Number of protein chains: 2
Amino acid sequence: MNASIHDVAKRAGVSIATVSRVVNNSAGVKESKVAAVKEALEYYDYQPSQFGRGLVTGTSKMIGVYSPLAGGSMFESGYMLECLRGIDNIIRESSYSLLLMNESVSYEKSEKAKPKFIEYVNQKKIDGLIVLTIPSDGRLEGALSAIIEDDFPVGYIGKRFGEKGMNVYASYEEYMMDGIRRLYEKGHREIAFLPMKSRSATNQKIKSKAEIKYSGLKVNITDTTSDIDIEFLRDILEYMMEEELVTAMIVEDLRLLAKVQSILSTMGKQIGNDISVICVEHVKNEGAKMLPKIDCYYVPALQLGETIATELLDNLTGKKTKEISKRFMPEYIERGSVKEIE
Amino acid sequence: MNASIHDVAKRAGVSIATVSRVVNNSAGVKESKVAAVKEALEYYDYQPSQFGRGLVTGTSKMIGVYSPLAGGSMFESGYMLECLRGIDNIIRESSYSLLLMNESVSYEKSEKAKPKFIEYVNQKKIDGLIVLTIPSDGRLEGALSAIIEDDFPVGYIGKRFGEKGMNVYASYEEYMMDGIRRLYEKGHREIAFLPMKSRSATNQKIKSKAEIKYSGLKVNITDTTSDIDIEFLRDILEYMMEEELVTAMIVEDLRLLAKVQSILSTMGKQIGNDISVICVEHVKNEGAKMLPKIDCYYVPALQLGETIATELLDNLTGKKTKEISKRFMPEYIERGSVKEIE
DNA sequence: CTGTTAGCGCCTTCAG
DNA sequence: CTGAAGGCGCTAACAG
């Protein structure tokens, strides 16, 4: 059982107010008393209860990280995980802690139901909120706007909506279009595009835009998931390589690419020589750890996380206003996996 | 601003005691009043503040997940991540929440310093603790024993120490030895062993034990890390294949194996035909998603997490005692990546 | 510089 | 069945 402020006060021969002052670094206490209190603090290994303190201050020193897991948890996506690492890197060094909110909401019933974070905000369990990803169907925006309007500190990763709040993002559509442009300019006309299923609406849009913009281009989309069936994947690749005569591909995930590579090798095809590849890396230099090295867009997920966490923290400690929106343009890293076609 | 119990009481025309009763499902309240209170509850979207409640009950409804990150965070190891997912699966469906404690302690200064969770326990920020991995140097055991002795609910993943507390684990040494036995019995005498560096003492032990037990056997250990340099890895593989004439390998991680595979393919070697492979999978069926499919020990990390979380929860809700130790023996899954040698 | 005191929001006896 | 009242541990205002 942990000692209370009264025990400490008694042992130090002072009042609880003085103990409180010492604990909170409030100046204006005579040195001799400070020493006595410190001794007692040490003696009891005293830690102020969050409840008593919270009741008075109204804060919990806790930051919620919310992920609306549509289909897969935040622990499945390499991207979210990197964001989370970034957030953790920053928060860990602060006086705040991370409260995980991994919500398993099915798309159907989410219509009216309130997202979990609302409850936490009301209970004052969290002082601030980070949303790892804004679902594209907009189902979170209502609830989020409500608490943001209420001046609750919120940071999110994703495109900005509304006026207030903090957000950071990397524009997926933009760098995917850029990847297509690169391949087109190197002479590729039949491109395979293997994105993750979760964004399929956006992907269709990318395809149409690209095919209109670049004459003679054909983009073959296949939605993938992190646990795609390998036989299925092989069938698709065979079809694409042999029927569609695809000469290049854009893959959204390096782990998927590893599978693609092993399939291609059974078909006697080599990345770089027989087919050009552009991928996306969320961890710096990941694409250089493949053989051959892979051209990648580096989406600095770690930085996204660190940035939004820093902003939120600054906001919480009153250092900055809460009207911030930052966009990161992923850098293209050339490593020789894209060849020119005559 | 969230309403307090007083607001609700006023609106419902009852005392705060009655509101409290309704909120906590305490029976013995007249139906008409229950209805009135419920209406008011709804009206204000009332949620009891954790502070007031916690002050009285002494509980936070929070479970801490602690990971002493020696070199890598819990977000880097596939194994820990799976454990975390398992924990989350269970906790998410309960009334508890997860508080993440990812401690960045360097080995050196950890001598006397108290691990972070102590503070959280004293502050009553957590009602229970799960330790994701017990470091092999024993630096956590003292602090852990202390709170366990104090009857604080603790569950950990790792071999049991002390009398009290709950733990679950899969015996690494045991299944690694078993893998070596399998290869030996299929005629392999030169085996490459590519474990993760973090356990290098244990790995040396495995090597010596195996070489003593199985005459004529040679185990070539190379410690690896998740971000191993691919050129370095190629050099090692070349040496092992060409100088040591290795015919089989045990790899601790499927992602590493993917790299190994791509290197081998540049050497014209194929897994299964030219070299036998046994790997470890933490996600069920992961090894079947490689091409060729890989023989694996399935270490049910998800289950480890789910099990320890369930135990802790049962303990917290008073369903069970806290003297539990469960060992999981990883299952060997044959998929044809190991060939017999005459 | 320091002690006294009034709550913060809630649950839980204890009377009625 | 219900309300009044005490107290959980702490901070902050106030009075000395």
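Since the structure is predicted, the reported quantities are computational estimates derived from the model, not experimental observations.
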Ion pair check, B/Arg11 and B/Glu39, cut-off under 4.0 Å
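Yes, charged N to carboxylate O under 4.0 Å.
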Within the structure, does a side-chain N or O atom of B/Ser15 lie under 4.0 Å from either OP1 or OP2 of D/dG3?
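The answer is yes; a side-chain N or O of B/Ser15 sits under 4.0 Å from OP1 or OP2.
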Between A/Thr18 and C/dT2, is there a contact of a side-chain N or O with OP1 or OP2 at under 4.0 Å?
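No, A/Thr18 has no side-chain N/O under 4.0 Å of OP1/OP2 on C/dT2.
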Once you round it to whole Å, what is the distance between [atom2] of [N] and [atom1] of [X]?
{"X": "A/Gln50", "N": "D/dC8", "atom1": "CD", "atom2": "P", "value": "18 Å"}
{"X": "B/Leu55", "N": "C/dC10", "atom1": "CG", "atom2": "P", "value": "11 Å"}
{"X": "A/Phe51", "N": "D/dG7", "atom1": "CZ", "atom2": "C1'", "value": "15 Å"}
{"X": "B/Lys33", "N": "D/dT2", "atom1": "NZ", "atom2": "P", "value": "5 Å"}
{"X": "A/Ile16", "N": "D/dT11", "atom1": "CD1", "atom2": "P", "value": "9 Å"}
{"X": "B/Arg53", "N": "C/dG9", "atom1": "CZ", "atom2": "P", "value": "15 Å"}
{"X": "B/Arg21", "N": "D/dA4", "atom1": "CZ", "atom2": "P", "value": "11 Å"}
{"X": "A/Asp7", "N": "D/dG9", "atom1": "CG", "atom2": "C1'", "value": "11 Å"}

Is the centre of the B/Phe51 ring less than 6.0 Å from the centre of the A/Phe51 ring?
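No: the rings miss the under 6.0 Å criterion.
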Ring centre gap for B/Phe161 and B/Tyr156 strictly below 6.0 Å:
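Under 6.0 Å, so yes.
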Does B/Arg85 form a salt bridge (Lys or Arg N to Asp or Glu O under 4.0 Å) with B/Glu82? I'd like the steps, not just the answer.
CA-CA 5 Å; B/Arg85 272 188 62 204; B/Glu82 273 297 294; 2.9 Å; yes
Mapping B/Gly13 and A/Tyr46 to their closest nucleotides on DNA chain D, which lands nearer the 5' end?
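In this pair, the answer is B/Gly13.
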